[in-house]
Amino acid sequence: MAPNLSSILTFVLILGASLLITWQAGRRTRSSSEFYAASHSVGGFSNGLAIAGDHLSAGTLLGVTAVIYTDGYDGLIYMTGGAVGYPLLMCLLAERLRNLGSYTFVDVLSARFRETSIRVLAATGTLVAAVLYLISQMVAGGALFEVLFGIPYPWAVAMVGGLTVLYVSVGGMLATTWVQMTKAVLLMFSILVLLALLMLNLGEGPLSLLESAARVHRRGEEWLSPGQFLPDRVSIFAFVLTGIVGMVGLPHLLMRFFTVPDARQARRSAVFATGYIVTFSLLLWITGLGIVVLLAGNTEILDEQGGMIGSTNMAIMHAARIIGGNVMLGFMASVAFATLLAVVCGLVLAAAAALAHDLYSGVYKRGRVDDRTEVRASRISVVGLGVIAVALGIQFRGQNVAYLTALAFTVAASVNTPALVAALFWRGASARGLILGGWVGMVVSVVLLALSPAVWEGALGLENAPFPWIYPGLFSIPAAALVIVVVSLADRSPEAMLGRRRYDELLAPSVLGRRDTPVIRH
Amino acid sequence: MNTVAKLSRDPDFIRLRRLQRRYAFAIAGSVVAFYVSLGVTMAYWPEVLDIRLVPGRWITVGLVWNVLGLLGWFAATATYAALSTRRLTPLRAQVRERHGWNNPDGA
């Protein structure tokens, strides 16, 4: 795909609009409350849209359509598994998070346990999960810019990184929220347009697309059976477990529940977000079918080696160009850019909060830091994170973005979720148990990820990966949970007793809301 | 006796906690059971997913299971929100008022 004027114009239009948003938001972002939580002033509907914007990543748009194109059924299970965490997030965490925390979920843990090691662990879990998620967005962004502008992949990744650093460091949570809301609306609009054009172009409705896709899919009669995405039982159970537990621990999603004024708005956020995501997922599945039919037997999308130009992650972009020409390609590419930009903004903000609020202010300065210094530290963190994301994005080139997103879920599921659930629901949990269990979850998940085929062979270029499965969640999550339970049960220290008393004290605010916090209503 | 201790003995607060737990765990448990059963079927009896519910059409058990799952996630989330707002919010308000817990943050 050669760069073209309409692609560039559409892109520049969206870029200009998002820069305007950021500039406006930047003028209203001074304090840490404004930077991290948009002054807790976002309404339920707006926050729901922003959560959907945060969730529907480039991994969803590019990766899922790629998986549907190559493996059929697996694209569907990926979407079902990707959203299963929302009811759990709603039922178990949304209200409690809002009632107990300020900016990050680490605040919630710290409300019960005063040990600084808890902050260090949870902040590290946040950083690792956010960076892994960032890699997937960078890979998608690099591939996209390469296609759109024809510039080399490393420069494309650097461009994505530079722009996102600008947005987040200037606009904070308010700009992130606006960008995510705009992106969610754009994404839904674009998929509706693409689907309509696909159905018009192919002359088929959703049900007949299903039949046509079955006729031409590369997996033949097997296309609606589990395929290579989940090739064995261990991978299936790891994927199922990680899907259930992982989202509950994704720091950038949890952070969104601190932007609303009260628990009722937190519940409304979750309902709107789930409805939006489910609707989009169903539309994306049907669009994926159309893409399978449209691209079947098309040789102009293949490179000299017979693979798809720009990898299968670009299936939706090829389809957009074929049915709508360069204008549609430019529009879809710009939407995909807005998509990954919104997610990267949320991720970078969560990671910066972990560095500046949880580690620098909470641990290093022990809370003795003024608001201005903390916001400055956050902005510096954003720049550092941008550099790391660019370097890793270049290293992981060509990996399936949907898979990379699943890796972030694994770390979140192995570190953040067990600690958060134990702290909120188990009186017997002790800080020592959480710290040891969390580090076990972290080490097991990261080491097994490094030894897995995707990293060992795919990213590092070595042979015969020592860990044969693709997802380590089946091992790392139970290991973390087991250590938390065993160590907590054995812990009879005075600190453990204090932690249990704090549980009783926090029960009322977790159910009724905080007693002494002024309520902000808009 | 401080407010927290008084609250822990208030029958309405105890009922509020019990109902909140019941709603949360019943709904979350149903979601987990539905999804895990899909995973178990994928792992041990994948051929079940291929069964066509409409002869000659590709409307398979696997397809319907996943689509119902997605719709179910929304239904579960909306159900919890409705239960919490309609049944628990009045109870929360009563408890808050009785104990001078004036901030309606946790509505």
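Proteins get letters first, then strands, A, B, ... in listed order; numbering begins at 1 in each.
If you run side chain to side chain donor-acceptor pair (under 3.5 Å) between B/Thr85 and each of A/Arg264, A/Arg267, A/Arg268, only A/Arg267 comes through.
Closest heavy-atom contact between A/Ile236 and B/Gly39: CG2-O, 3.5 Å. In terms of heavy atoms, B/Thr77 sits closest to A/Pro87 at OG1-CA, 3.6 Å. Across all non-hydrogen atoms, the minimal contact from B/Ala28 to A/Leu88 is CB-CD2, 3.4 Å. Residues B/Leu70 and A/Ala83 share a closest heavy-atom pair of CD2-CB, 4.3 Å. Across all non-hydrogen atoms, the minimal contact from B/Ala43 to A/Arg233 is O-NE, 2.9 Å.
Looking only at heavy-atom pairs under 4.5 Å with chain B, the residue among A/Ser235, A/Ala214, A/Ala266 that has the most is A/Ala214. Ranked by heavy-atom pairs shorter than 4.5 Å toward chain B, the options A/Gly243, A/Gly81, A/Ala213, A/Ala270 are led by A/Gly81. Note on A/Phe272, A/Trp223, A/Phe239: by heavy-atom pairs under 4.5 Å with chain B, the leading option is A/Trp223.
Here A/Cys91 contributes atom SG and B/Ile27 contributes atom CD1; the two are 5.0 Å apart, rounded to the nearest 0.5 Å. With rounding to the nearest 0.5 Å, the separation of CZ in B/Arg21 from CG in A/Leu92 is 12.5 Å. For the atom pair CZ of B/Arg57 and CG of A/Leu207, the computed distance is 6.0 Å after rounding to the nearest 0.5 Å. The distance from atom OH of B/Tyr35 to atom CG of A/Leu241, rounded to the nearest 0.5 Å, is 10.0 Å. Here the straight-line distance linking atom CG of B/Leu49 with atom CG of A/Leu224 works out to 9.5 Å at 0.5 Å rounding.
B/Asp50 touches chain A through its side chain: at least one heavy atom from C-beta onward sits under 4.5 Å away, while N, CA, C and O do not. For A/Asp504, the part lying under 4.5 angstrom from a heavy atom of chain B is the backbone only. For B/Val95, the part lying near chain A is the side chain, with the backbone staying farther off; criterion is any non-hydrogen pair under 4.5 Å. Using a 4.5 Å cut-off between heavy atoms, B/Tyr44 touches chain A through backbone and side chain atoms alike.
Residues A/Leu282 and B/Val67 have side chains in contact (heavy-atom distance under 4.5 Å, counting atoms from C-beta outward). Inter-residue side-chain proximity for A/Glu95 and B/Leu88 is flagged as unmet; no heavy-atom pair is nearer than 4.5 Å. Using a 4.5 Å heavy-atom cutoff, the side chains of A/Thr279 and B/Phe74 are not in contact. Proximity of B/Leu63 to A/Trp285: side-chain heavy atoms (C-beta onward) are separated by under 4.5 Å at one or more points. By the 4.5 Å heavy-atom criterion applied to side chains, A/Tyr73 and B/Met42 are counted as neighbours.
At least one donor-acceptor pair under 3.5 Å links the side chain of A/Glu211 to the backbone N or O of B/Trp58.
Relative ring orientation between A/Phe425 and B/Phe25 is described as perpendicular, the plane-to-plane angle rising above 60° on a 0-90° scale split at 30° and 60°.
When the shell of 6.0 Å around CZ of B/Arg98 is examined, it contains more than 12 heavy atoms from other residues, nucleotides or ligands. For B/Arg15, the CZ atom is loosely surrounded, since the number of other residues' heavy atoms within 6.0 Å does not exceed 12.
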Evaluation steps, side chain to side chain contact (heavy atoms under 4.5 Å, CB included), between B/Phe13 and A/Leu512: CA-CA 9 Å; B/Phe13 183 70; A/Leu512 299 175; 4.2 Å; yes
Run A/Val278 and B/Leu71 through side chain to side chain contact (heavy atoms under 4.5 Å, CB included) and show every step you take. CA-CA 7 Å; A/Val278 165; B/Leu71 296 173; 4.1 Å; yes
Decide side chain to side chain contact (heavy atoms under 4.5 Å, CB included) for A/Leu507 and B/Leu7; before the verdict, give the C-alpha distance in whole Å, the side-chain angles of both, and the deciding distance to 0.1 Å. CA-CA 10 Å; A/Leu507 208 54; B/Leu7 268 168; over 6 Å; no
Side chain to side chain contact (heavy atoms under 4.5 Å, CB included) between B/Leu38 and A/Val240, intermediate numbers included: CA-CA 9 Å; B/Leu38 174 60; A/Val240 167; over 6 Å; no
